[in-house]
Amino acid sequence: MSEFSHLSNNDQPKMVDVGAKKITKRQATAKATMFLGKEIISLFENEELKTKKGPVFQTAIIAGIQAVKKTSELIPMCHPLLIHGVDVEINIIDEEHIELFCTVKIEGKTGVEMEALTGVNIAALTVYDMCKSVSQEMFIKEVVLVKKSGGKSDINKE
């Protein structure tokens, strides 16, 4: 018998049956830390950079929200979920780095960790796309699940 919930007894892929689970309030927050460099950060005014493609952070926030809603289409074993709320936040933390956070909330039978992680990754990639004409020295340093509540186990790495 497999230790992984996404494998059947004969080690074939399956989607976990969550039918018997209780509906609970669930929330997850993921964080990405990204190096943009002084050249890009210096171009920001009032926590935003307007480019020919549009405002960087606003566009990344919308992309992160869209990504949350598409997670089950991208990751094969993720259940489609009725998302109650998504909050994407982006902050400049010093002269070279930004932090991005994606928090997802539902009332359901399965968690939203993958949705939060997908949202924060796509938001970070959108920042890269929006700023690559200035510099391609950017990189995503870290993506981590920082908080999860409402399921079998809670996580809090804040």
Side-chain angles (χ1 to χ4, degrees), residues 3-7 13 15-16 24-81 83-106 108 110-158:
E3 292 180 33
F4 293 99
S5 60
H6 290 89
L7 292 177
M15 182 177 254
V16 174
T24 60
K25 289 184 179 184
R26 295 165 183 261
Q27 180 172 320
T29 301
K31 175 178 87 168
T33 306
M34 190 170 178
F35 172 84
L36 294 187
K38 291 178 184 179
E39 182 179 12
I40 293 173
I41 296 284
S42 70
L43 298 174
F44 278 78
E45 293 179 15
N46 299 321
E47 298 285 318
E48 183 59 276
L49 171 59
K50 293 188 168 92
T51 69
K52 290 181 181 178
K53 290 184 175 184
V56 173
F57 285 0
Q58 288 181 8
T59 303
I61 288 167
I62 292 168
I65 292 167
Q66 285 181 315
V68 166
K69 298 188 301 183
K70 297 284 188 180
T71 300
S72 67
E73 295 175 31
L74 299 168
I75 301 174
M77 301 305 170
C78 284
H79 292 82
L81 302 174
I83 304 294
H84 285 199
V86 179
D87 184 26
V88 177
E89 182 181 322
I90 308 172
N91 301 303
I92 298 171
I93 57 171
D94 64 31
E95 62 187 15
E96 296 184 326
H97 298 89
I98 62 172
E99 280 184 337
L100 304 91
F101 293 89
C102 180
T103 299
V104 183
K105 297 177 182 179
I106 66 163
T110 187
V112 287
E113 302 96 293
M114 296 311 300
E115 287 74 12
L117 288 161
T118 300
V120 83
N121 271 290
I122 296 302
L125 289 170
T126 301
V127 170
Y128 189 100
D129 179 54
M130 300 287 287
C131 295
K132 69 184 180 204
S133 64
V134 175
S135 171
Q136 292 186 358
E137 300 298 315
M138 298 170 287
F139 57 92
I140 300 168
K141 294 177 78 168
E142 174 182 61
V143 175
V144 63
L145 181 68
V146 292
K147 203 172 188 184
K148 163 188 151 355
S149 63
K152 257 194 295 190
S153 61
D154 290 348
I155 294 172
N156 191 345
K157 298 178 185 175
E158 290 183 309

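For the numbers below, each heavy atom of this structure counts, side chains included, while hydrogens, waters and symmetry mates do not.
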Walk me through it: do Q66 and I122 pass the test side-chain contact (heavy atoms from CB on, under 4.5 Å)? CA-CA 9 Å; Q66 285 181 315; I122 296 302; over 6 Å; no
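- Nearest heavy-atom pair, V127 versus M138, reported as atom, atom and distance to 0.1 Å: O-SD, 4.5 Å.
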Using the rule given for side-chain contact (heavy atoms from CB on, under 4.5 Å), can you reason through F57 versus M130, listing the C-alpha separation, both sets of side-chain angles and the distance that settles it, and then say yes or no? CA-CA 9 Å; F57 285 0; M130 300 287 287; over 6 Å; no
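- Partners of K132 according to the side-chain hydrogen bond (donor to acceptor under 3.5 Å, both in side chains) rule, which considers only residues two or more places apart in sequence or in another chain, are D129.
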Steps toward side-chain hydrogen bond (donor to acceptor under 3.5 Å, both in side chains) verdict (H97, K141):
CA-CA 10 Å; H97 298 89; K141 294 177 78 168; 3.3 Å; yes
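- Between D94 and E96 the shortest heavy-atom distance is OD1-N, 2.8 Å.
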Q) Hey, mind stepping through K148 and Q27 against side-chain contact (heavy atoms from CB on, under 4.5 Å) and telling me if it holds? A) CA-CA 6 Å; K148 163 188 151 355; Q27 180 172 320; over 6 Å; no
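- Taking a 6.0 Å sphere around CD of E47, one finds it holds more than 12 heavy atoms contributed by other residues, nucleotides or ligands.
- The two residues T118 and L74 make their nearest non-hydrogen contact at CG2-CD1, 4.1 Å.
- The two residues V86 and C102 come nearest to each other via the heavy atoms CG1-SG, 4.1 Å.
- Atom NZ of K25 has 12 or fewer heavy atoms from other residues, nucleotides or ligands within 6.0 Å.
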- Task: Let me see the working for V120 and F101 under side-chain contact (heavy atoms from CB on, under 4.5 Å), right down to the final yes or no.
- Result: CA-CA 6 Å; V120 83; F101 293 89; 5.7 Å; no
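- Between F35 and F139, the two ring planes are parallel [angle under 30°; tilted spans 30° to 60°].
- For E48, the CD atom counts as densely surrounded, since its 6.0 Å shell holds more than 12 non-hydrogen atoms of other residues, nucleotides or ligands.
- Nearest heavy atoms, A60 versus I90: CB-CD1, 3.7 Å.
- M34 CE to C131 SG: the interatomic distance, rounded to the nearest 0.5 Å, is 7.0 Å.
- Of all non-hydrogen atoms in T71 and E115, the two that sit nearest each other are OG1-CA, 3.5 Å.
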